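Report on the structure given below.
Here is the naming used below: chain letters follow the sequence lines, and residue numbers restart at 1 for every chain. These numbers come from a predicted model, not from an experiment.
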There are 2 protein chains.
Amino acid sequence: MAKPNSPITEHLAYLLAQANREINRQLELRLSKEGVPVEQWRILKVLSDGSGHSMGELADAVLLNHPTLTKMIDRMVSDTLVYRVQDPNDRRKVLMFISDRGKVLCRKLNSLAVDQEEHILESYGDKSTSELKRLLESLIDSSN
Amino acid sequence: MAKPNSPITEHLAYLLAQANREINRQLELRLSKEGVPVEQWRILKVLSDGSGHSMGELADAVLLNHPTLTKMIDRMVSDTLVYRVQDPNDRRKVLMFISDRGKVLCRKLNSLAVDQEEHILESYGDKSTSELKRLLESLIDSSN
DNA sequence: TTGAAAATATTGAATATTCAACAATTGAAG
DNA sequence: CTTCAATTGTTGAATATTCAATATTTTCAA
């Protein structure tokens, strides 16, 4: 297994990249109905628990590095989807909150995303989907 | 399953993105020993079958869109890792070939990549790895 | 055969991301 | 306390990516 000359399509890294690209493309397509990039949906979804999240926390959660997140948040603040509050307990930190407008948008996006998951369930199957999720979670765990 | 309010960490799209990010980060780290980005390794690996590949073919195979590939190939031509030949049968096309220097580099990169796959096998397990690969392949198939 | 449509690759401008440096605040050792 | 290192977030310049437009060649129908 994993011989030096095996085709690239047998490498786990490649299969993950390919699957991710495809699924992400599909999701992108759905969310474009609301003109929102996937990363902004992730941000809204994380913030929709209502509590304040620091930029660092958020960057980890939504898989973006800090400067990219800062600039994306700038745009979302302009669009009044989220807002910044300085953390009173640690003034280095900024706490991000979702706005009412953000909540409304998030609900619409959720249903578009659920559409996609259902579409995957149909074509890929219930069993395979949950098994794949399980394996991915365990891979992520084992990589820390 | 896939309720509107389920946390983002339960979405397949998110799990794929997270796993891909992590595995890719690890691979990137290895390949940086030779100062080569993951995409260039993919290109070299595809071309290392020795036959000529058109830009379109290559773009699909290495998961890049056309303009990005063109510019990356420009760099690799400057580094004399690959070279362009106009396709004699269809002069719209350009056929890409790997150079001798490219082959030498590709061998080094392959062994770095195999290192990583072995590392994954150790920490994640033989069984899980092959099962995950199988499921990913089937997901990709079902998405076409 | 000709002319319009499709396929292929590249370019340049607009956009986005990243890297390194910075500013502000906190933590902690002396 | 004071000072120095660590943490947190942002900024600006450098880099990379993407979108739309372009050029070239081929295909194919009239």
Side-chain angles (χ1 to χ4, degrees), chain A residues 17-18 20-22 24-29 31-32 35-43 46-47 51-79 81-97, chain B residues 17-18 20-22 24-29 31-32 35-43 46-47 51-79 81-97:
Chain A
Q18 193 180 6
N20 177 53
R21 186 178 163 89
E22 179 58 27
N24 201 59
R25 197 191 57 78
Q26 288 174 16
L27 181 56
E28 214 163 43
L29 199 65
L31 299 188
S32 71
V36 175
V38 175
E39 290 79 11
Q40 288 197 17
W41 172 61
R42 291 201 199 122
I43 292 169
V46 169
L47 295 186
S51 68
H53 294 259
S54 75
M55 292 295 280
E57 240 179 26
L58 202 49
D60 284 348
V62 304
L63 315 176
L64 290 176
N65 38 16
H66 292 216
T68 306
L69 178 63
T70 292
K71 285 154 191 171
M72 183 159 285
I73 289 288
D74 286 347
R75 272 169 289 195
M76 295 176 78
V77 168
S78 299
D79 296 341
L81 297 171
V82 300
Y83 57 94
R84 291 177 164 97
V85 176
Q86 193 174 56
D87 186 336
N89 296 118
D90 183 342
R91 289 183 332 194
R92 288 169 304 183
K93 292 186 184 173
V94 170
L95 296 180
M96 297 304 313
F97 290 89
Chain B
Q18 193 180 5
N20 178 51
R21 186 178 162 88
E22 178 59 26
N24 201 58
R25 196 190 58 75
Q26 287 174 18
L27 181 56
E28 215 164 41
L29 198 65
L31 299 188
S32 71
V36 175
V38 175
E39 290 79 12
Q40 289 198 15
W41 172 61
R42 291 200 199 122
I43 292 170
V46 169
L47 295 187
S51 68
H53 294 259
S54 76
M55 292 295 279
E57 241 181 25
L58 202 49
D60 284 349
V62 305
L63 315 176
L64 290 176
N65 37 17
H66 291 216
T68 305
L69 178 63
T70 291
K71 286 156 191 170
M72 183 159 285
I73 288 288
D74 285 348
R75 276 175 297 233
M76 294 175 77
V77 169
S78 298
D79 296 341
L81 296 171
V82 300
Y83 57 94
R84 290 177 164 98
V85 175
Q86 195 177 54
D87 186 338
N89 297 118
D90 184 341
R91 290 186 332 201
R92 289 169 303 182
K93 293 187 184 173
V94 170
L95 296 180
M96 298 303 314
F97 290 90

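When DNA chain D is scanned 5' to 3' for any atom under 4.0 Å from a heavy atom of chain A, the first and last hits are D/dT7 to D/dA13.
Taking every heavy atom of both residues into account, A/Leu81 and A/Gln40 meet most closely at CD1-OE1, 4.1 Å.
B/Asp87 pairs by the salt bridge (charged side-chain N to carboxylate O under 4.0 Å, His left out) definition with nothing, not counting sequence neighbours. Evaluation of the side chain to side chain donor-acceptor pair (under 3.5 Å) rule for A/Gln18 yields no partner, not counting sequence neighbours. Under the side chain to side chain donor-acceptor pair (under 3.5 Å) criterion, A/Asn65 pairs with A/Thr68, sequence neighbours left out. With sequence neighbours excluded, no residue forms a side chain to side chain donor-acceptor pair (under 3.5 Å) with A/Ser32. Applying the side chain to side chain donor-acceptor pair (under 3.5 Å) test to A/Gln26 and every residue at least two apart in sequence or in another chain returns A/Glu22.
Each of A/Glu39 and A/Gln86 was assigned the nucleotide of DNA chain C with the nearest heavy atom; the assignment lying further toward the 5' end belongs to A/Glu39. Take the nearest nucleotide of DNA chain C for A/Arg91 and for A/Met72: the residue whose nucleotide is more 5' is A/Met72.
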>> Within the 4.0 Å limit for protein heavy atoms, which parts of nucleotides 5-10 of chain C are touched? Write it as a string from 5' to 3', B for base, S for sugar-phosphate only, - for none.
In response: --BSSB

Only distances under 3.5 Å count here; give the side-chain donor-acceptor pairs of residues 54-62 of chain A to other protein atoms, sequence neighbours excluded, each with its distance to 0.1 Å.
unit_1	atom_1	unit_2	atom_2	d
A/Ser54	OG	A/Glu57	N	3.2
A/Glu57	OE1	A/His53	ND1	2.9
A/Glu57	OE1	A/Ser54	N	3.4

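The side-chain hydrogen bond (donor to acceptor under 3.5 Å, both in side chains) analysis of residues 69-79 of chain A, with sequence neighbours excluded, yields the pairs A/Asp74-A/Arg84.
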